[in-house]
Undergrad: 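Once you've had a glance at the structure underneath, I'll fire off some questions.
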Amino acid sequence: MGEVSNASYIFSIILNGVSRISVPIFFMISGALLIDETVLIRKSLKRVKSIFLTLLLWSFIYLIWNYCYRNRMYDFRLVFEEPIKSHLWFLYAILGMYIVLPFLQNMFKNMQDILMRYFVGMWFVFLTIEYVLALCDLKVAYQIPLVGDSCYLGYFALGYIIKMTIKKVPIPSYVCYGCSAILLSLVIILTYVFTTIDGVHYEELFQYRNVLIAVSAALVFYDVIKNKHSNYSERTKKILSFLSKHTFMIYLCHVIFLDIVKLEFAPRSISAFFGIPLYSMFVFVCSLIFSILWTYVKHAWNRLISERRKQNGK
């Protein structure tokens, strides 16, 4: 507090609070699509290999980036605890999902509706218990397997369960978005209150294991799946198709440009009302250009290798 104006801080936590549901929804989308696939261990191992190699490559890139640009060294003793760059935590999490995917596919595709509802109920119960205890600085040493040891696994499975049981649990759209708005507003308001009391930003309520965020994300995901909001124009579909090809690379590389903003542009010196949209657009555009160039070079390299192989074959 005091580093930015009160209005800028309120605006920033509102945007942060509303956007918190995006990562849980991504895990739910992944679960809804992947658990429903045919169980193929070879295909799952191929995914594991791809994500693992991506993690290695981008960990190396950020290791060099941090050393050359930020003058930071990484302690490799933390490799299983803390990624080289914080946003790479997602690759750690999704790698775990892909490793156990064949088991999840076989288990949930043969699961009765009552057991799916039991899983959802128990997951929300133990998510709440563990989160409340964590706020009190109490750690659960012996977690309940499957429903209590990973909020990301819960989101992953929840996506498939919502997809398969959506017609059996009717919830009006106004209830979904109304409840989500109330829960996220509560997260934002309490964050502001605790920040004001402590004098420093209170981050704990923005964690993905916060049951308020979990319920909000589940309700929004439920309504989008139920109503299938896909009446886009052809032009919009082309734009979305183009962007979707680059979203993963944008995620991987965007922190490079975020670091540049932090160190070169003094973002806190201007109002958040202008700074957040401006710098977000800057990071997005630079990341998209990087992704386009990366894709072009990758395809050119693959073509070169393919041509050389053909020549050697002759």
Undergrad: Within the 3.5 Å criterion, strictly below it, is a donor on Ser233 or Thr236 matched to an acceptor on the partner's side chain?
TA: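 The criterion, which ignores hydrogens and geometry beyond distance, is satisfied for Thr236 and Ser233.
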Undergrad: Please enumerate all residues that pass ring pair (Phe, Tyr, Trp, His ring centres under 6.0 Å) together with Phe282, with sequence neighbours excluded.
TA: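 Once residues adjacent in sequence are excluded, the partners of Phe282 under the ring pair (Phe, Tyr, Trp, His ring centres under 6.0 Å) criterion are Phe265.
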Undergrad: Would the number of heavy atoms belonging to other residues, nucleotides or ligands and lying under 6.0 Å from CD of Gln112 be above 12?
TA: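 Atom CD in Gln112 is not crowded, with 12 or fewer foreign heavy atoms closer than 6.0 Å.
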Undergrad: Does atom CG of Leu138 have more than 12 heavy-atom neighbours from other groups under 6.0 Å away?
TA: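 Atom CG in Leu138 is crowded, with more than 12 foreign heavy atoms closer than 6.0 Å.
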Undergrad: Under the rule for salt bridge (charged side-chain N to carboxylate O under 4.0 Å, His left out), what residues qualify as partners of Lys167, not counting sequence neighbours?
TA: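 None.
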Undergrad: Hey, does Leu158 have a side-chain heavy atom less than 4.5 Å from the side chain of Phe124?
TA: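 SC-SC contact between Phe124 and Leu158 confirmed.
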Undergrad: Do other residues, nucleotides or ligands put more than 12 heavy atoms under 6.0 Å from Asn71 CG?
TA: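 Open: at most 12 neighbouring heavy atoms sit under 6.0 Å from CG of Asn71.
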Undergrad: Run the side chain to side chain contact (heavy atoms under 4.5 Å, CB included) test on Asn16 and Arg20 for me, step by step, so that the C-alpha distance in whole Å, both residues' side-chain angles and the decisive distance to 0.1 Å come before the verdict.
TA: CA-CA 6 Å; Asn16 197 349; Arg20 283 287 107 179; 3.0 Å; yes
Undergrad: Check the pair Thr165, Met116 against side chain to side chain contact (heavy atoms under 4.5 Å, CB included), reporting the backbone distance first and the verdict last.
TA: CA-CA 9 Å; Thr165 62; Met116 288 188 183; 3.9 Å; yes
Undergrad: Are Phe274 and Phe11 close enough that their ring centers fall under 6.0 Å?
TA: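 No, the ring of Phe274 stays outside the 6.0 Å limit from the ring of Phe11, centre to centre.
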Undergrad: Are any side-chain N or O atoms of His201 and backbone N or O atoms of Thr195, one a donor and one an acceptor, separated by less than 3.5 Å?
TA: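 No, the answer is negative, given that no donor and acceptor are paired below the 3.5 Å cut-off.
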Undergrad: Phe156: which residues meet the ring pair (Phe, Tyr, Trp, His ring centres under 6.0 Å) condition with it, sequence neighbours left out?
TA: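 Ring pair (Phe, Tyr, Trp, His ring centres under 6.0 Å) check on Phe156 returns nothing, list empty.
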Undergrad: Using every non-hydrogen atom in the two residues, find where Tyr62 and His87 come nearest and quote the distance to one decimal.
TA: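 Nearest heavy atoms, Tyr62 then His87: CE1-CE1, 3.5 Å.
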Undergrad: If every non-hydrogen atom of Glu37 is compared with every non-hydrogen atom of Lys109, which pair is closest and at what distance?
TA: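 That would be O-NZ, 2.7 Å.
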Undergrad: Using a 4.5 Å cut-off on heavy atoms from C-beta on, say whether the side chain of Met164 contacts that of Met111.
TA: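 Counting from C-beta outward, Met111 and Met164 never come under 4.5 Å.
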Undergrad: Same cluster or not: are Val169 and Tyr160 linked, directly or through other Ile, Leu, Val, Met, Phe, Trp or Tyr residues, by side-chain heavy atoms under 4.5 angstrom apart?
TA: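 In one cluster: yes.
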Undergrad: Is the shortest heavy-atom distance from the side chain of Leu133 to the side chain of Lys139 under 4.5 Å?
TA: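 They are not in side-chain contact.
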Undergrad: In chain order, what residues pass the ring pair (Phe, Tyr, Trp, His ring centres under 6.0 Å) check against Phe257, with sequence neighbours excluded?
TA: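 Not a single residue meets the ring pair (Phe, Tyr, Trp, His ring centres under 6.0 Å) criterion with Phe257.
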Undergrad: Pick one: which of Tyr208, Tyr152, Phe221 meets ring-ring contact (aromatic ring centres under 6.0 Å, His included) with Phe27?
TA: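 The single option meeting the ring-ring contact (aromatic ring centres under 6.0 Å, His included) with Phe27 is Tyr152.
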Undergrad: Got a sec, which residues hit ring pair (Phe, Tyr, Trp, His ring centres under 6.0 Å) with Tyr69, two or more places apart in sequence or on another chain?
TA: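 Tyr69 satisfies ring pair (Phe, Tyr, Trp, His ring centres under 6.0 Å) with Trp65 only.
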Undergrad: I'd like to know if Leu135 and Val140 are part of one continuous hydrophobic network [Ile/Leu/Val/Met/Phe/Trp/Tyr, side-chain heavy atoms within less than 4.5 Å].
TA: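 In one cluster: yes.
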Undergrad: Among Ile, Leu, Val, Met, Phe, Trp and Tyr joined by side-chain contacts under 4.5 Å, find the other residues sharing a cluster with Leu288 and list them by chain and number.
TA: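 In the cluster with Leu288 are Ile239, Phe242, Leu243, Ile250, Met281, Phe284, Val285, Ile289, Ile292, Leu293.
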Undergrad: With the 4.5 Å side-chain cut-off for hydrophobic clustering, are Leu57 and Ile305 part of the same group?
TA: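 No, Leu57 does not connect to Ile305 through the hydrophobic network.
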Undergrad: With a sphere of 6.0 Å drawn around CZ of Phe26, does it hold more than 12 non-hydrogen atoms of other residues, nucleotides or ligands?
TA: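 Not buried by this count: 12 neighbours or fewer within 6.0 Å.
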Undergrad: Is there side-chain contact between Leu88 and Ser59, with at least one heavy-atom pair below 4.5 Å?
TA: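 A side-chain contact exists here, since the closest heavy-atom pair is under 4.5 Å.
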Undergrad: With side chain to side chain contact (heavy atoms under 4.5 Å, CB included) as the test, would you mind laying out the steps for Arg268 and Ser8 before giving the verdict?
TA: CA-CA 9 Å; Arg268 293 185 182 182; Ser8 288; over 6 Å; no
Undergrad: Run Thr196 and Tyr9 through side chain to side chain contact (heavy atoms under 4.5 Å, CB included) and show every step you take.
TA: CA-CA 11 Å; Thr196 303; Tyr9 180 72; over 6 Å; no
Undergrad: If you look at every heavy atom in Pro277 and Ala272, which pair is closest and at what distance?
TA: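 Where Pro277 meets Ala272 most closely, the heavy atoms are CD-O, 3.5 Å.
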Undergrad: Okay, side chain of Asn210, backbone of Leu212: is any donor-acceptor separation there less than 3.5 Å?
TA: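 The answer is yes, because a donor-acceptor pair under 3.5 Å joins these two groups.
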Undergrad: Strictly under 6.0 Å, is that where the ring centroids of Phe108 and Phe119 end up?
TA: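 For Phe108 and Phe119, the ring centres are under 6.0 Å apart.
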Undergrad: Taking the side chain as every heavy atom from C-beta outward, state whether Asp259 and Arg70 have any atom pair closer than 4.5 Å.
TA: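 Side chain of Asp259 against side chain of Arg70, heavy atoms only: contact under 4.5 Å found.
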